[in-house]
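Structure, as structure tokens:
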Amino acid sequence: EVQLVESGGALVQIGGSLKLSCTTSGFRFTHYGIGWFRQAPGKVREAVSCISTTDGSTFYVDSVKDRFTVSSDNAKNTAYLQISDLKPEDTANYYCAAGTPKCFKESFFHEWWYNYWGRGTQVTVSS
């Protein structure tokens, strides 16, 4: 059974940091790209980043590239999203997703490219 489980979401203050985890099982982690998306209340889900576990290549949307860092630990079948200098607009449910064979600049921000999804972890930024 394929599983992606996000964790690490929390209530944090403006300017704080968080590291989200996406722990996976049931598929060959190193044959996939792991994307991160977020959905704020009342808004559509949007992509933020993707990492190819095959070669470590990463992609970010422009709005987050200075504060978000995506990484993976292939031995643990886990991907991470480090968020620094948190802002109120970062408040959202954060999802990870897996697509094969790797992330591509042209497609990493499209939901249709991903085969498997987690259920999300909530990040709330307060003042």
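Not measured: the values here are computed from a predicted model. Computation of the quantities below employed the complete heavy-atom set of this structure, encompassing side-chain atoms and omitting hydrogens, waters and symmetry-equivalent molecules.
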**Request:** Can you see which heavy atom on Asn115 is nearest to which on Gly99, and at what distance?
**Result:** OD1-CA, 3.4 Å
**Request:** Could you pull out the closest heavy-atom pair between Ala98 and Ile34, with the gap in Å?
**Result:** CB-CD1, 3.8 Å
**Request:** Hey, could you give me each pair passing side-chain hydrogen bond (donor to acceptor under 3.5 Å, both in side chains) that has a residue in residues 116-127? Not counting sequence neighbours.
**Result:** Gln122-Thr124
**Asked** Taking side chain as C-beta onward, heavy atoms only, is Val2 less than 4.5 Å from Ser25?
**Response** no
**Prompt:** NZ of Lys76: more than 12 outside heavy atoms within 6.0 angstrom?
**Reply:** no
**Request:** Mark yes or no for whether Thr58, through its side chain, and Ile51, through its backbone, hold a donor-acceptor pair below 3.5 Å.
**Result:** no
**Request:** Say whether Val64 and Val12 are linked into one hydrophobic cluster, either directly or through other cluster members, by side-chain heavy-atom distances under 4.5 angstrom.
**Result:** yes
**4.5 Å side-chain heavy-atom contact, Val48 and Leu81** = yes
**Request:** Test Ser71 against Asp73 for side chain to side chain donor-acceptor pair (under 3.5 Å), laying out the working first.
**Result:** CA-CA 7 Å; Ser71 61; Asp73 184 336; over 6 Å; no
**Message:** Give me the atom names and distance for the closest heavy-atom approach of Leu18 to Gly8.
**Reply:** CD2-O, 3.6 Å
**Prompt:** Distance from Gln82 atom CD to Arg67 atom CZ, nearest 0.5 Å?
**Reply:** 11.5 Å
**Request:** Report whether Leu11 and Ile83 are members of the same hydrophobic cluster (ILVMFWY, side-chain heavy atoms less than 4.5 Å apart, transitive linking).
**Result:** no
**Message:** Does anything in residues 43-94 form a ring-ring contact (aromatic ring centres under 6.0 Å, His included)? List the pairs, not counting sequence neighbours.
**Reply:** Phe59-Phe108
**Message:** If the condition is salt bridge (charged side-chain N to carboxylate O under 4.0 Å, His left out), which residues does Asp66 pass it with, not counting sequence neighbours?
**Reply:** none
**Prompt:** Is there side-chain contact between Pro101 and His31, with at least one heavy-atom pair below 4.5 Å?
**Reply:** no
**Message:** Nearest 0.5 angstrom please: Lys65 NZ to Ser49 OG, how far?
**Reply:** 12.0 Å
**Pairs satisfying side-chain hydrogen bond (donor to acceptor under 3.5 Å, both in side chains), at least one member in residues 98-108, at least two apart** = Asp55-Lys102
**Asked** In this structure, are over 12 heavy atoms from other groups packed under 6.0 Å from Gln13 atom CD?
**Response** no
**Message:** Filter on salt bridge (Lys or Arg N to Asp or Glu O under 4.0 Å), then keep only pairs touching residues 19-41, sequence neighbours left out; what's left?
**Reply:** Arg38-Glu46, Arg38-Asp90
**Message:** For residues Phe37 and Trp112: do they belong to one hydrophobic cluster (side chain heavy atoms under 4.5 Å, members Ile, Leu, Val, Met, Phe, Trp, Tyr)?
**Reply:** yes
**Asked** Any side-chain heavy atom of Thr78 within less than 4.5 Å of one from Thr24?
**Response** no
**Asked** Quick one: are Val123 and Thr91 in side-chain contact, heavy atoms under 4.5 Å?
**Response** no
**Request:** Please tell me if the side chains of Val70 and Trp36 come closer than 4.5 Å, counting only heavy atoms from C-beta onward.
**Result:** yes
**Asked** Mind checking whether Phe27 and Phe29 have parallel, tilted or perpendicular rings, split at 30° and 60°?
**Response** tilted
**Fill in**
Quick note, disulfide bond (SG atoms under 2.5 Å apart) partners involving residues 35-98, not counting sequence neighbours, are Cys22-Cys96, Cys50-Cys103
